[in-house]
Amino acid sequence: MSADTRLIPLRVANKTAYVWDVDDIAAIRSKHHICGVLTGTLPHLSQQNVFLGVPLVLMPEEAVLLVEIGAAVLIDDPTAYKQPTAPQLQHWSQEQQDSIKTQLAHAETKVVQESKQAGRAMSEEALLKRKAREERKRAQASAKAAAEAAEDGDPSALLAAASPLSTAASSTEQDTRISATPEPTTSLPENPQKGSSIPYTVVIPASSSSLEWYDADACTYTTIESAKAAGIWDYPSNLSQRARCGVFKDLWKQGYFMGGGIKFGGEYLVYPGDPLRYHSHFTATVIESPVASLRPMEIVAHGRLGTATKKAHLLCGWDDEKEEASYISIEWAGFG
């Protein structure tokens, strides 16, 4: 099955739809104009509420839309995990052990190389210091011998006092050659995992569908009705939820992107394009029936709140019999 015709798996747990694959998240956003909300934490970040990762949590309206247009399927994720057999567990454990051994071998090889370089640098520095120290001692001894010979006035003593300088130079070169010879290093242990203090990483994949005991064939549902019959999904189940799904789908057909609007006093924020590029133009409130009553104070509150947040408030009426949506926008005029 190609990437274009592949159905996106929506993994349902606790009647909430999640998307765990980053490629599926990208396809949902770019091809189907569905954003969702990232809720997973990312390691090594001090503020976990700024940048979030997988999984992507979908609003119920988003999940229903994707299933109804044939772009996704619902999977009962807890049921898809079967009881693993002993060979499967052994195979999984062996893969983990192989990964750990590879990491430790690489890390210890790096440590040995770094210690060799550090030891070589320290040996050269120590040799230079020792050479300078020996030269100073020989020079002091030669100067003392020359001074004593000058006092005695013996030419042979002066010659003998000068000869240690050449002898010192030749002996220093010999010591340098001997000390510069590298010492043999000990070999790595056969099993680097035993007795090793080097940390290693245990890789846990974000999606567990690659595990041998994960089987979703018997718990995959292509329609909302079949998922409801299985008891894993129950949205929409009343008039209010049907109205929300109907309005959401109608706005989606018109090319809008929708996000949660609870912080702005509505059901949805309505964007003319991707929320990463555009600000929302409307805050949408869903009305269950075109003949439902609406108090004047609600109209005033919606208008003032929308203007304060630089948005127009969109009243979305839903006719459940005709399955049609109608819209009225409210904006504060600022006169009077």
Side-chain angles (χ1 to χ4, degrees), residues 22-23 38 40-54 89-208 210-211:
V22 291
D23 294 330
L38 291 170
T41 57
L42 298 176
H44 307 301
L45 285 182
S46 57
Q47 295 184 349
Q48 292 289 348
N49 59 339
V50 178
F51 298 102
L52 299 175
V54 295
L89 287 176
Q90 291 176 358
H91 182 256
W92 177 83
S93 178
Q94 186 61 42
E95 288 181 346
Q96 294 291 324
Q97 294 297 324
D98 293 342
S99 174
I100 293 172
K101 290 179 180 179
T102 302
Q103 293 179 58
L104 292 179
H106 177 73
E108 292 193 0
T109 302
K110 185 177 180 180
V111 169
V112 170
Q113 292 176 352
E114 291 177 352
S115 63
K116 283 183 178 179
Q117 295 175 357
R120 188 179 301 113
M122 290 177 63
S123 299
E124 293 175 356
E125 185 178 358
L127 286 173
L128 291 175
K129 290 181 178 179
R130 187 175 69 177
K131 180 180 178 181
R133 191 165 53 249
E134 291 177 352
E135 287 179 353
R136 285 196 303 269
K137 290 181 178 179
R138 291 191 179 95
Q140 292 174 358
S142 299
K144 183 178 180 180
E148 293 176 353
E151 292 178 358
D152 297 339
D154 187 1
S156 60
L158 290 173
L159 183 61
S163 60
L165 294 175
S166 58
T167 306
S170 60
S171 62
T172 302
E173 293 178 359
Q174 183 177 3
D175 292 341
T176 303
R177 288 194 300 269
I178 295 174
S179 301
T181 304
E183 298 180 357
T185 58
T186 58
S187 59
L188 292 174
E190 296 182 0
N191 187 359
Q193 186 178 357
K194 291 183 178 180
S196 176
S197 60
I198 300 176
Y200 55 85
T201 302
V202 177
V203 179
I204 301 176
S207 176
S208 301
S210 60
L211 298 175

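Just so we're clear, the structure is a prediction, and the values are computed from it rather than from any experiment.
Applying the side chain to side chain donor-acceptor pair (under 3.5 Å) criterion to Q140, with sequence neighbours excluded, gives no partner residue. Residues passing the side chain to side chain donor-acceptor pair (under 3.5 Å) test with S99 are Q103, sequence neighbours excluded. Listed by chain and number, the residues in a side chain to side chain contact (heavy atoms under 4.5 Å, CB included) with Q96 are W92, V202 (sequence neighbours excluded). Among residues two or more places apart in sequence or in another chain, the side chain to side chain contact (heavy atoms under 4.5 Å, CB included) test is passed with H91 by E95, E212.
Judged by distance alone, the side chain of T109 and the main-chain N or O of A105 form a donor-acceptor pair under 3.5 Å.
In terms of heavy-atom proximity, L52 sits nearest to L38 at CD1-O, 3.1 Å.
The side-chain heavy atoms of Q90 and Q94, taken from C-beta on, include no pair separated by under 4.5 Å.
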